[in-house]
Amino acid sequence: MDPNRPPTNFESRVFEATCLIPKGKVSTYGELAVFLGCQSAQAIGQALKRNPFAPEVPCHRVVKTDLRLGGFHGGTEGPYLAKKRNLLVEEGVSFGDDGRVNPEHCHRFC
DNA sequence: AGATTGACTAACC
DNA sequence: AGGTTAGCCAATC
């Protein structure tokens, strides 16, 4: 695989939509999928997991629909999510006891 | 060109 | 309530 490949059209759209999420808020893979006009949140995850613009695109503001953290930096456990959670807290997002984002932080594309 | 994969989701058992 | 199946779609093998 080539990590320095140019972003595809689809990926560019995903990144653009991700940048639209205001600081201190989060969105879901599903919301992005709908916003981009496709029905596969998995495709969104694919684009973000290969995110060539790691901290430049706020991919940490994208979580699963159940408000659990999905993944980060290509991983779905341990330090990956710890880092993601920390970034969100720094932006003002709070978490529940179960490690979920508080629903008040959900952002909706209009 | 075809098969597999995956930072997902919803439905089913 | 928790594990499995099925549907989804772009990238990668």
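Residue numbers begin at 1 in each chain, while the letters A, B, ... track the order of the sequences. FYI, side chains are in, hydrogens and waters are out, and symmetry mates aren't considered; it's all heavy atoms of this structure.
In this structure, the CG atom of A/Asp98 is 15 Å from the C1' atom of C/dA1, given to the nearest Å. For the pair A/Glu31 CD and B/dC8 P, the interatomic distance rounds to 16 Å; values are reported in whole Å. In this structure, A/Gln46 places its CD atom 13 Å from P of B/dT9, rounding to the nearest Å. The NZ-C1' distance, from A/Lys64 to B/dG6, rounds to 12 Å in whole Å. Counting to the nearest Å, the P atom of C/dA10 and the CD atom of A/Gln42 are 12 Å from each other.
Interatomic distance, A/Leu36 CG to A/Arg13 CZ, rounded to the nearest 0.5 Å: 6.5 Å.
Distances from the side chain of A/Cys38 to the nucleotides C/dC9, C/dA11, B/dA7 place C/dC9 closest. The side chain of A/Thr76 has B/dA7 as its nearest neighbour among B/dA7, B/dT9, C/dA11.
A close approach under 4.0 Å does occur between a side-chain nitrogen or oxygen of A/Thr65 and OP1 or OP2 of B/dA10.
A salt bridge between A/Lys25 and A/Glu91 is absent, with no side-chain N of the basic residue lying under 4.0 Å from a carboxylate O of the acidic one.
Taking the side chain as every heavy atom from C-beta outward, A/Thr28 and A/Asp66 never approach each other to under 4.5 Å.
A/Gln39 comes within contact range of the sugar-phosphate backbone alone, with a heavy-atom separation under 4.0 Å but no base atom that close. Nucleic acid contact for A/Tyr29: base, since at least one base atom lies under 4.0 Å from a heavy atom of the residue.
Nearest heavy atom pair, residue A/Gly70 against residue A/Tyr29, reads CA-OH, 3.9 Å.
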